[in-house]
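Everything below concerns the one structure shown next.
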2 protein chains.
Amino acid sequence: MHTSLPGMALEHAILVSLEERSGSGYELARRFGKSIGFFWAASHQQIYRTLKRMVELGWISCDHVAQESRPDKKVYRVNADGRAELARWLAEPVEPGAIRNDLAVKIRGASAGDVGGVLDEIARHRRRHAERIEVYRAIERRDFGEPDRLTGRHLHQYLVLRGGIRVEQAFVDWCDEVLAAMRSDHDSRTTESDQR
Amino acid sequence: MHTSLPGMALEHAILVSLEERSGSGYELARRFGKSIGFFWAASHQQIYRTLKRMVELGWISCDHVAQESRPDKKVYRVNADGRAELARWLAEPVEPGAIRNDLAVKIRGASAGDVGGVLDEIARHRRRHAERIEVYRAIERRDFGEPDRLTGRHLHQYLVLRGGIRVEQAFVDWCDEVLAAMRSDHDSRTTESDQR
DNA sequence: AACATCATGTAAGATGTTACATGATTAT
DNA sequence: ATAATCATGTAACATCTTACATGATGTT
């Protein structure tokens, strides 16, 4: 008998996605390229491997679907054990995940290299985060026109999107603060040292 | 000859930390339990393994230091190749890291389980994030009394801390938004279904 | 002819987690 | 006595990344 180990996480993201709609590994990989993938990253190799394991665990079942003018596919769906596992995990306390912020390490180390280069990198990250906000805003407009009327599943999807917007906005604001402070510091230092 | 592979990351966090101050694996592990560790998580096992590799790569050197009434230690310091590698990486474009937000997955899947349990979990996360802000604020008060006067290294350390505060605040605000919206949705549903 | 999409995987290597292991000193 | 701090590691396992691999159909 398989016991569910703590720390499993992609499994649960897949369970959530398959609960919303059954699909093939390929379809899941596409969802993880957007939608749920904005909040839990996973490559297709990870997904195929994990689906295999989840079938062994008895959490999901697989139907072979033949298609015309397209390769056959395996459509996965959540079964009773999978739903039970998901329900168990949902209320189980999980600590906020480990933080890995490359940009923070670069800013902290900036003095050890070319500060101008780090400033460019910060500006680039600012653009990336602003782009993500654009994407989220577009989804917000398209799928959640009247947020006040949302209930259940739709409300939850909307709230997750709101989290993405909030966190990305925090990054953008942070980049702006850092750019302003580091540029004025950098400028005052370079003008000083250039006056010889 | 070793080439520096992309994607290496703990190495660079260690280089930044050792540039600020040379130290032993044990001391580094402690720094990764706070300070730089707030922005790049690493366990002592990872650190010892990585230090070994970095010596092989020629990025750092190691001095054996005998101590009285304490075990001997190995003090690592960055050498020329390490400084060059750090400078190279600092300006190299790195994409914002993969996002892994357990809580977002839980919120999105809440309908598949006990919504009340998920609400408790969100409240718990809110407390964790608020606690982190407290820690950051205490460091801010203790180490960065007059932020406007900061320059160079100190300014950079301060700005990284500001990022931590901003991101954690975004999480707290998000949790509040989610709790308010989900509670009112959950309440209206349970009162309806209880009236039979 | 070349490329994109649909669809599934394997294999090797890097990285991260968990448990185990040792041994001295210092504080309760 | 017991636990905490200082100090360093090994071993096994789980997970993630990168590259490789196949093959059909549809598009430029």
Side-chain angles (χ1 to χ4, degrees), chain A residues 2-14 22-34 37 40-57 60 62-76 94-100 102 105, chain B residues 2-14 22-34 37 40-57 60 62-76 94-100 102 105:
Chain A
H2 294 275
T3 46
S4 54
L5 303 158
M8 284 190 179
L10 177 55
E11 282 82 344
H12 298 106
I14 289 175
S22 296
S24 66
Y26 187 82
E27 280 160 0
L28 278 166
R30 296 204 64 191
R31 291 182 209 170
F32 276 82
K34 47 175 201 187
W40 199 274
S43 63
H44 87 269
Q45 294 88 344
Q46 263 179 285
I47 290 164
Y48 283 117
R49 180 161 25 94
T50 305
L51 284 170
K52 201 182 212 175
R53 200 181 337 144
M54 289 169 76
V55 170
E56 286 164 23
L57 285 164
I60 57 174
C62 170
D63 301 307
H64 293 257
V65 175
Q67 297 185 114
E68 349 159 338
S69 77
R70 272 182 201 187
D72 296 357
K73 61 179 177 180
K74 300 183 192 171
V75 174
Y76 295 92
V94 173
E95 289 311 305
I99 289 155
R100 255 136 218 202
D102 292 87
V105 177
Chain B
H2 293 275
T3 46
S4 54
L5 302 159
M8 284 190 178
L10 178 55
E11 282 83 343
H12 298 108
I14 290 176
S22 296
S24 69
Y26 187 82
E27 280 159 359
L28 277 167
R30 297 205 63 194
R31 291 182 209 170
F32 276 82
K34 49 176 199 184
W40 199 274
S43 63
H44 86 269
Q45 294 87 342
Q46 265 179 284
I47 289 163
Y48 283 118
R49 185 163 17 103
T50 304
L51 284 170
K52 202 181 212 175
R53 199 181 337 144
M54 289 170 77
V55 171
E56 285 164 23
L57 284 165
I60 57 174
C62 170
D63 301 307
H64 293 258
V65 175
Q67 297 184 113
E68 349 160 339
S69 78
R70 273 183 199 185
D72 295 356
K73 61 179 178 178
K74 300 183 192 173
V75 175
Y76 295 91
V94 173
E95 290 309 306
I99 291 154
R100 254 133 219 210
D102 293 86
V105 177

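The figures that follow rest on heavy atoms only: side chains count, while hydrogens, waters and symmetry mates do not.
Computed from coordinates, the A:L10 CG to D:dT15 P distance equals 9 Å when rounded to whole Å. Regarding A:I47, its CD1 atom lies at a distance of 15 Å from the P atom of C:dT10, rounded to whole Å. As a whole-Å value, the separation of A:R100 CZ from C:dA14 C1' is 13 Å. Rounded to an integer number of Å, the gap from A:E11 CD to D:dA14 P is 12 Å. For A:L57 and D:dA14, the CG to P distance is 12 Å, given to the nearest whole Å. As a whole-Å value, the separation of A:Q45 CD from C:dA11 P is 14 Å. Between the CD atom of B:Q46 and the P atom of D:dG9 there is a distance of 16 Å, rounded to whole Å.
A heavy atom lying under 4.0 Å from DNA chain C marks the following residues of residues 62-73 of chain A, by number: A:Q67, A:R70, A:P71, A:D72, A:K73. For the contact set between residues 23-31 of chain A and DNA chain C, defined by any heavy atom under 4.0 Å, the members are A:S24, A:G25, A:Y26, A:R30.
Minimum interatomic distance between B:A41 and A:R100 (heavy atoms only, all atoms of both residues): O-NH2, 2.9 Å. Listed here is the closest heavy atom pair of B:M54 and B:E11: CE-O, 3.5 Å. The two residues B:S22 and B:Y76 come nearest to each other via the heavy atoms CB-O, 3.2 Å.
By the ring pair (Phe, Tyr, Trp, His ring centres under 6.0 Å) test, A:Y26 is found to be paired with no residue, residues two or more places apart in sequence or in another chain being considered. A:P71 pairs by the side chain to side chain contact (heavy atoms under 4.5 Å, CB included) definition with nothing, not counting sequence neighbours. A:R31 is linked by a side chain to side chain donor-acceptor pair (under 3.5 Å) to A:S17, counting only residues two or more places apart in sequence or in another chain. Evaluation of the side chain to side chain donor-acceptor pair (under 3.5 Å) rule for A:D72 yields no partner, not counting sequence neighbours.
Residue A:Y48 places no side-chain N or O under 4.0 Å from the OP1 or OP2 atom of C:dG9. OP1 or OP2 of C:dT10 sits under 4.0 Å from a side-chain N or O of A:K52. In this model, the phosphate group of D:dT15 is approached by a side-chain N or O of A:R53 to a distance below 4.0 Å at OP1 or OP2.
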> Going through the checks in order, is the side chain to side chain contact (heavy atoms under 4.5 Å, CB included) test met by A:V55 and A:L51?
Replying inline: CA-CA 6 Å; A:V55 170; A:L51 284 170; 5.6 Å; no

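For the pair A:R49 and A:Y76, nearest-nucleotide mapping onto DNA chain C gives the more 5' position to A:Y76. In this structure, B:H44 and A:A41 both approach DNA chain D, and ranking their closest nucleotides by distance from the 5' end singles out B:H44.
The closest side-chain heavy-atom distance from A:I14 to A:F32 is below 4.5 Å.
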